[in-house]
A.B. asks: 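Would you mind keeping the following structure in view while I ask a few things?
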There are 2 protein chains.
Amino acid sequence: MICAAAGSAYDCGMSTRIQSISPDSPDTQRADFGRRLHALRRDRGWTLSELSERSGLAVSTISKAERGLMSLTYDRMLQLARGIGVDMSEFFSAEGTSFAKGSFAVAPKGTFQRQETPNYVYEMLFPEIRNKAMVPMMGSLKAHDLVDFEDFVRHPGQEFLLVLEGAVTVFAEGKAPVTLRQGDSLYFDSARGHLYASAGAVDARILVVCTELSTDADGQAVAR
Amino acid sequence: MICAAAGSAYDCGMSTRIQSISPDSPDTQRADFGRRLHALRRDRGWTLSELSERSGLAVSTISKAERGLMSLTYDRMLQLARGIGVDMSEFFSAEGTSFAKGSFAVAPKGTFQRQETPNYVYEMLFPEIRNKAMVPMMGSLKAHDLVDFEDFVRHPGQEFLLVLEGAVTVFAEGKAPVTLRQGDSLYFDSARGHLYASAGAVDARILVVCTELSTDADGQAVAR
DNA sequence: AAATCATTTTTCGTATCGGAAAATTTTCTC
DNA sequence: GAGAAAATTTTCCGATACGAAAAATGATTT
């Protein structure tokens with residue numbers, strides 16, 4: 001269902017805020033780098049030796065770096081970034097990579113980051129922008145897939161859904177199932193358990209935009 | 001699909017890595033860092049000894065680093081960043097993200113300008129929901145319309161654009177015009193002056209989602 | 001609790017970084 | 001162009017990063 005009203009109004013507002021500068025001592029900063037590295041490793045469930053293999057660094061070096069006992073050289077940091085599979089800037093993203101004032105990014109069709117789960121295949125748009133106010137995703141729903149209501153998803157924020165192709169049945173906690181066709185859209189509180197499935201005989205394509213989600217180093221969506 | 005951390009029964013599991021395989025040798029990368037550092041210094045018209053004073057590093061160290069003859073440690077890189085007056089991520093931001101972080105001083109107008117141009121026809125979705133975190137709108141752009149750069153729109157928040165049909169040329173302040181085709185998308189800071197026009201011979205249909213806009217009683221978009 | 005295994009931390013020798021000053025190159029001045 | 005001044009590069013040696021292996025800590029099983 002499309003609720004439509006003609007016309008639009010625009011106004012111009014105020015500027016956005018800018019990052020705060022932390023006047024930390026150099027050692028504090030180094031420790032901060034270590035914590036970030038540690039987080040990146042643990043998020044993947046890797047041990048020191050596993051990251052050691054992937055990066056080519058010695059276990060001891062990573063250990064010391066994570067605890068801020070050592071100041072890595074550029075070359076070693078690069079090896080780590082490659083071993084982890086992230087861009088170097090990830091190590092410093094706390095200050096820099098979040099949504100920046102004046103940001104402008106284009107995502108050509110089909111170049112998105114692909115994520116697969118048993119039921120869904122979706123592609124995260126603009127995974128490189130870390131703290132977006134909105135997280136847009138392109139999704140494909142396979143036809144004839146089983147629906148398991150144990151898989152209800154709940155997360156903070158609000159969610160917008162637009163059906164681009166095919167038809168989609170939306171199962172929402174405490175609501176009767178609704179079937180949306182191409183061009184139909186949906187807006188709801190993501191805290192309500194929800195679940196999508198293709199309604200037709202063919203795969204469906206959808207656009208989903210969420211709030212209060214962030215993008216992690218892999219471009220995965222995580223609750224903020 | 002949506003992997004929400006908080007209490008989600010979902011395991012988004014396998015992280016598909018999109019990491020670009022840069023066949024650059026580590027030395028090449030190091031040289032890249034050097035060039036970036038050199039550029040930052042020259043942009044400010046500073047000599048090696050001037051940056052040496054500001055950063056506390058020896059002249060020789062900076063010299064070697066700029067030429068890629070040496071792999072700086074984290075601590076020295078931090079000193080340099082502070083001496084130059086930039087965030088650490090400046091050294092790496094261009095490596096991965098296709099995303100130019102541009103600091104912009106915007107001159108905001110006090111009120112919204114009503115978009116009554118024949119170019120734009122917007123349909124506000126869900127006008128009955130008053131305080132949405134996102135405001136999705138369906139838009140139609142007539143072909144062969146004139147573009148008046150006086151009509152640049154600026155407003156607080158972030159904006160997501162998806163081309164549903166046809167092609168759209170996006171004019172953004174301080175950016176070269178970009179033409180998006182069906183399926184292409186765009187994410188940017190709405191404070192940057194922007195303007196859309198149909199690029200093809202036919203009308204274009206777009207989806208726009210904004211933050212920090214509200215819906216008034218008439219279903220009009222107003223700044224929050 | 002002891003024993004076994006997995007993981008992290010510490011130790012220590014070597015390679016590399018990093019700074020002071022000399023050597024070289026570049027830029028300015030006449 | 002010659003000479004002086006400024007800027008950059010090279011040299012050399014002390015300080016530190018880095019890796020291999022030993023020691024310590026933590027987890028699991030019997």
Side-chain angles (χ1 to χ4, degrees), chain A residues 24-92 217, chain B residues 15 24-86 88-92 95:
Chain A
D24 295 322
S25 84
D27 304 276
T28 309
Q29 281 292 100
R30 187 202 285 182
D32 217 53
F33 171 87
R35 270 188 294 275
R36 182 169 302 272
L37 173 59
H38 183 76
L40 285 169
R41 178 170 67 85
R42 295 316 294 270
D43 285 352
R44 290 163 175 71
W46 294 350
T47 67
L48 284 173
S49 56
E50 183 151 8
L51 180 53
S52 168
E53 276 190 14
R54 290 173 182 264
S55 64
L57 294 205
V59 169
S60 57
T61 302
I62 307 174
S63 170
K64 280 177 270 190
E66 285 188 354
R67 286 174 296 148
L69 302 181
M70 190 170 143
S71 176
L72 290 186
T73 59
Y74 176 90
D75 287 353
R76 307 299 157 222
M77 288 177 10
L78 183 64
Q79 281 182 263
L80 275 177
R82 288 182 172 172
I84 296 174
V86 298
D87 185 87
M88 274 278 262
S89 59
E90 284 300 311
F91 293 138
F92 315 99
Chain B
S15 53
D24 297 320
S25 84
D27 305 276
T28 309
Q29 282 290 97
R30 186 201 285 183
D32 218 52
F33 170 87
R35 271 188 293 276
R36 182 171 302 273
L37 173 59
H38 184 75
L40 284 168
R41 179 170 66 85
R42 297 313 293 270
D43 285 351
R44 290 163 175 72
W46 293 349
T47 67
L48 284 173
S49 55
E50 183 151 7
L51 180 53
S52 169
E53 277 190 14
R54 291 173 181 265
S55 64
L57 294 204
V59 168
S60 58
T61 302
I62 307 174
S63 169
K64 279 178 274 193
E66 285 189 354
R67 285 173 298 145
L69 301 181
M70 188 169 148
S71 176
L72 289 185
T73 59
Y74 177 89
D75 287 353
R76 308 297 159 223
M77 288 177 12
L78 183 63
Q79 283 182 261
L80 275 177
R82 290 183 171 172
I84 296 174
V86 298
M88 274 277 265
S89 60
E90 284 297 312
F91 293 139
F92 315 101
E95 282 185 7

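It should be emphasised that the depicted structure is a prediction, and the values quoted were computed from it without experimental measurement. Here is the naming used below: chain letters follow the sequence lines, and residue numbers restart at 1 for every chain.
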A.B. asks: Taking atom CG of A:L51 and atom CG of A:L40, what is their separation to the nearest 0.5 Å?
C.D. replies: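 With rounding to 0.5 Å, CG (A:L51) is 9.5 Å from CG (A:L40).
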A.B. asks: Measuring to OP1 and OP2 of C:dG18, would you say a side-chain N or O of B:T73 lies under 4.0 angstrom away?
C.D. replies: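 Yes, B:T73 has a side-chain N/O under 4.0 Å of OP1/OP2 on C:dG18.
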A.B. asks: Respond yes when some side-chain nitrogen or oxygen of B:R76 is under 4.0 Å from OP1 or OP2 of C:dC17, and no when none is.
C.D. replies: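 Result: no.
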A.B. asks: In residues 52-65 of chain B, which residues come under 4.0 Å of DNA chain C by heavy atom?
C.D. replies: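 Heavy-atom contacts with DNA chain C come from B:L57, B:A58, B:S60, B:T61, B:K64.
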A.B. asks: Please lay out, stage by stage, how B:E50 and B:R44 fare under the test salt bridge (charged side-chain N to carboxylate O under 4.0 Å, His left out).
C.D. replies: CA-CA 10 Å; B:E50 183 151 7; B:R44 290 163 175 72; over 6 Å; no
A.B. asks: Could you give the distance from CE (A:M77) to CG (B:L72), rounded to the nearest 0.5 Å?
C.D. replies: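 Answer rounded to 0.5 Å: 9.5 Å.
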A.B. asks: Where the side chain of B:M70 is concerned, which of D:dA17, C:dT10, C:dC17 is the nearest nucleotide?
C.D. replies: C:dC17
A.B. asks: If you assign B:S71 and B:R67 each to the DNA chain D nucleotide with the nearest heavy atom, which residue ends up on the more 5' nucleotide?
C.D. replies: B:R67
A.B. asks: Whole angstrom is fine here: how far is it from CG in B:L48 over to P in C:dG18?
C.D. replies: 16 Å
A.B. asks: Can you see if the side chain of A:R41 gets near the phosphate of C:dT8 - specifically, an N or O under 4.0 Å from OP1 or OP2?
C.D. replies: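 Checking A:R41 against C:dT8: at least one side-chain N or O falls below 4.0 Å of OP1 or OP2.
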A.B. asks: Per the end-axis method with five pairs at each terminus, what is the bend angle of the helix from C:dA1-D:dT30 to C:dC30-D:dG1, to 10°?
C.D. replies: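 Nearest ten degrees gives 40° for this helix.
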A.B. asks: Are any side-chain N or O atoms of B:S63 and backbone N or O atoms of B:V59, one a donor and one an acceptor, separated by less than 3.5 Å?
C.D. replies: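 No, the answer is negative, given that no donor and acceptor are paired below the 3.5 Å cut-off.
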